[in-house]
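Worksheet: the structure to be examined is printed underneath.
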Amino acid sequence: MAIHLTKESKILVHGMTGGEGMKHTRRMLAAGTNVVGGVNPRKAGRTVDFDDRPVLVFGSVAEGVDATGADVTVVFVPPAFTKAAVTEAADAGIGLAVVITEGVPVHDSVAFLAHARRRGTRVIGPNCPGLISPGQSVAGIIPADITKPGRIGLVSKSGTLTYQLMYELRDIGFSTCVGIGGDPVVGTTHIDCLAAFQDDPDTDLIVLIGEIGGDAEERAAAYIRDHVTKPVVGYIAGFTAPEGRTMGHAGAIVSGSSGTARAKQQALEAAGVRVGRTPTETARQVLAALDAGA
């Protein structure tokens, strides 16, 4: 099994004919992802060949859903058009919208996330790398060749750290890796993924990657304490960040001691989570936790 994305998922790429959309559609197809179409109103009816794999471009998400039964969309449109793209996907009945776009205005994110929730559409992102269920499907920009299928679930704010932990633990492998994005407002949260991994019979251990700023990791710690029985290993980016300075992602804003890496580490450890201070140490903690459960 996997969470949110499987080999049966049928994917429409919104913005497929743009530079980033073309590049990553080719990579998704090479990984075995079932890309069933693209969306671009100005190029509707055209076919794009990806290494002898023709993919039809539809004029709207609704047309693509009607023709293919698509249930996932990956959004590669500019920030100004992201709200419309996600709203369109939700109105078309898409179950999962993966928003790769960076720089989406927060008020737009708030609006389309509220609309998506009303329509029953899960949103991952914005400003995220997407998700991968290795050996099954990729929705987004996560490299498919740095790990293998396994029984670790990973949820991360950071795209780069997602890739690093996937590589560090490539000999063990993953059920699903989800990059939720680092913006102040995102659709799918750490807690959403923790709940899904807890319910997934093929996930034995969960890796949670956070970063300084906000209180998402503290809230995740409380959820782990009360609801998660599987072992969880964590890593918080930003232990060496200087005080009084905004760092990295738009969500990485620290106020006093609130939102610091140390505060997040303490909250997670109080919930029984092993926390590494570097990605490599975190990988060693995963191996130790797996050995302890063997």
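All heavy atoms count here, side chains included; hydrogens, waters and symmetry mates do not. Counting from 1, the numbers follow the sequence of the chain as shown. The model shown is predicted, which means the values in this text are computed figures rather than measured ones.
- Taking CD from Glu218 and CD from Gln266, the interatomic distance works out to 10.0 Å, rounded to the nearest 0.5 Å.
- Using a 4.5 Å heavy-atom threshold, the side chains of Tyr163 and Ile141 count as touching.
- Counting only N and O atoms by type, the side chains of Thr203 and Arg151 include no donor and acceptor under 3.5 Å apart.
- Scanning for side-chain hydrogen bond (donor to acceptor under 3.5 Å, both in side chains) contacts around Asn34 gives an empty result, with sequence neighbours left out.
- When all heavy atoms of His190 and Ile180 are compared, the pair lying nearest together is N-CD1, 3.7 Å.
- Looking only at distances, a side-chain donor or acceptor of Gln136 sits under 3.5 Å from a matching main-chain atom of Lys7.
- The shortest heavy-atom contact between Val138 and Ala144 is CG2-CB, 3.9 Å.
- Here the closest non-hydrogen pair linking Gly140 and Met28 is N-SD, 3.5 Å.
- Shortest non-hydrogen contact noted between Pro143 and Met166 is O-CE, 3.7 Å.
- Centroid-to-centroid, the aromatic rings of His24 and Phe76 come within less than 6.0 Å.
- Between the CD atom of Glu8 and the CG atom of Asp71 there is a distance of 9.5 Å, given to the nearest 0.5 Å.
- Linking Ile, Leu, Val, Met, Phe, Trp and Tyr residues whenever their side-chain heavy atoms come within less than 4.5 Å places Leu165 and Ile172 in a single cluster.
- Remark: Arg170 qualifies as a cation-pi partner of Tyr167 under the 6.0 Å distance and 45° angle criteria applied to the six-membered ring.
- Contact of the Phe58 side chain with the Thr68 side chain is registered, since non-hydrogen atoms from C-beta on lie closer than 4.5 Å.
- Residues Val74 and Ile100 have side chains in contact (heavy-atom distance under 4.5 Å, counting atoms from C-beta outward).
- By the criterion of side-chain heavy atoms lying less than 4.5 angstrom apart, applied directly or through intervening Ile, Leu, Val, Met, Phe, Trp or Tyr residues, Phe81 is not grouped with Leu12; the two fall into different hydrophobic clusters.
- Formation of a donor-acceptor pair under 3.5 Å by the Arg27 side chain with backbone atoms of Met22 is not found in this model.
- Proximity of a side-chain donor or acceptor of Thr6 to a complementary backbone N or O of Ala2 within less than 3.5 Å is not detected.
- Looking at Val155 and Val207, their side chains never come closer than 4.5 Å, going by heavy atoms from C-beta outward.
- The two residues Ile94 and Ala70 come nearest to each other via the heavy atoms CD1-O, 3.7 Å.
- Annotation: side chain of Thr101 is in contact with side chain of Val75 (closest heavy-atom distance under 4.5 Å).
- Taken to the nearest 0.5 Å, the CZ atom of Arg46 stands 13.5 Å off from the CG atom of Asp49.
- Asn40 and His14 share no donor-acceptor pair across their side chains, judged by distance under 3.5 Å alone.
- Linking ILVMFWY side-chain heavy atoms closer than 4.5 Å, directly or via other members, places Leu194 and Ile3 in a single hydrophobic cluster.
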Practice task
For Leu154 and Thr176, run side chain to side chain contact (heavy atoms under 4.5 Å, CB included): C-alpha distance rounded to whole Å, both residues' side-chain angles, the deciding distance at 0.1 Å, then the answer.
Solution key: CA-CA 6 Å; Leu154 186 152; Thr176 303; over 6 Å; no
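- If you take CD1 on Ile224 and CD1 on Ile191, they are separated by 8.5 Å, rounding to the nearest 0.5 Å.
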Problem - Check against side-chain hydrogen bond (donor to acceptor under 3.5 Å, both in side chains), Glu211 and Ser158 - result: CA-CA 8 Å; Glu211 63 187 11; Ser158 166; 5.4 Å; no
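- The shortest side-chain heavy-atom distance between Leu161 and Gln164 falls under the 4.5 Å cut-off.
- Ion pairing between Glu217 and Lys157 holds under the 4.0 Å rule for side-chain N and carboxylate O.
- Counting heavy-atom neighbours within 6.0 Å of Gln198 CD, excluding the residue itself, gives a total above 12.
- In this structure a side-chain-to-backbone donor-acceptor pair under 3.5 Å is missing from Lys264 to Ile236.
- The CD atom of Glu281 lies 6.0 Å from the CZ atom of Arg284; values are rounded to the nearest 0.5 Å.
- Leu113 is listed as a side-chain neighbour of Val185, based on a closest heavy-atom distance under 4.5 Å.
- Under the rule for a side-chain hydrogen bond (donor to acceptor under 3.5 Å, both in side chains), Thr33 has no partner lying at least two apart in sequence or in another chain.
- Formation of a donor-acceptor pair under 3.5 Å by the Lys10 side chain with backbone atoms of Val72 is not found in this model.
- Defined by atom type and a distance below 3.5 Å, a donor-acceptor pair is missing between the side-chain atoms of Ser137 and Ser9.
- Remark: the backbone N or O of Val123 is paired with a side-chain donor or acceptor of Thr188 at under 3.5 angstrom.
- Atom CD of Gln285 and atom OG1 of Thr280 lie 12.0 Å apart (nearest 0.5 Å).
- Side chain of Thr47 to backbone of Pro54: no donor-acceptor contact under 3.5 angstrom is found.
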Practice task
For Lys230 and Asp204, run salt bridge (charged side-chain N to carboxylate O under 4.0 Å, His left out): C-alpha distance rounded to whole Å, both residues' side-chain angles, the deciding distance at 0.1 Å, then the answer.
Solution key: CA-CA 7 Å; Lys230 295 178 180 180; Asp204 295 337; 5.9 Å; no
Problem - Check against side chain to side chain contact (heavy atoms under 4.5 Å, CB included), Leu131 and Ile124 - result: CA-CA 8 Å; Leu131 70 163; Ile124 296 177; 3.8 Å; yes
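- Panel note: side chain Asp192, backbone Thr189; a donor-acceptor pair is recorded below 3.5 Å.
- The local environment of CZ in Phe50 is crowded, with over 12 non-hydrogen atoms from other residues, nucleotides or ligands closer than 6.0 Å.
- For Val233 against Ala289, the heavy-atom pair with the smallest separation is CG2-CB, 4.3 Å.
- Side-chain contact between Val99 and Val86: present, with at least one pair of heavy atoms (C-beta onward) separated by less than 4.5 Å.
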Practice task
Kindly determine whether Leu5 and Ile11 satisfy side chain to side chain contact (heavy atoms under 4.5 Å, CB included), including the steps that lead there.
Solution key: CA-CA 10 Å; Leu5 186 73; Ile11 296 178; 4.2 Å; yes
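- No continuous path of ILVMFWY side-chain contacts below 4.5 Å connects Val61 to Phe112, so the two sit in separate hydrophobic clusters.
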Exercise for the section: Take Ser175 and Asp200, measure what side chain to side chain contact (heavy atoms under 4.5 Å, CB included) needs, and give me the verdict at the end. Expected result: CA-CA 9 Å; Ser175 54; Asp200 177 25; 4.0 Å; yes
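- In the hydrophobic clustering of ILVMFWY residues, with side-chain heavy atoms under 4.5 Å counting as a link, Ile152 and Ile209 come out together.
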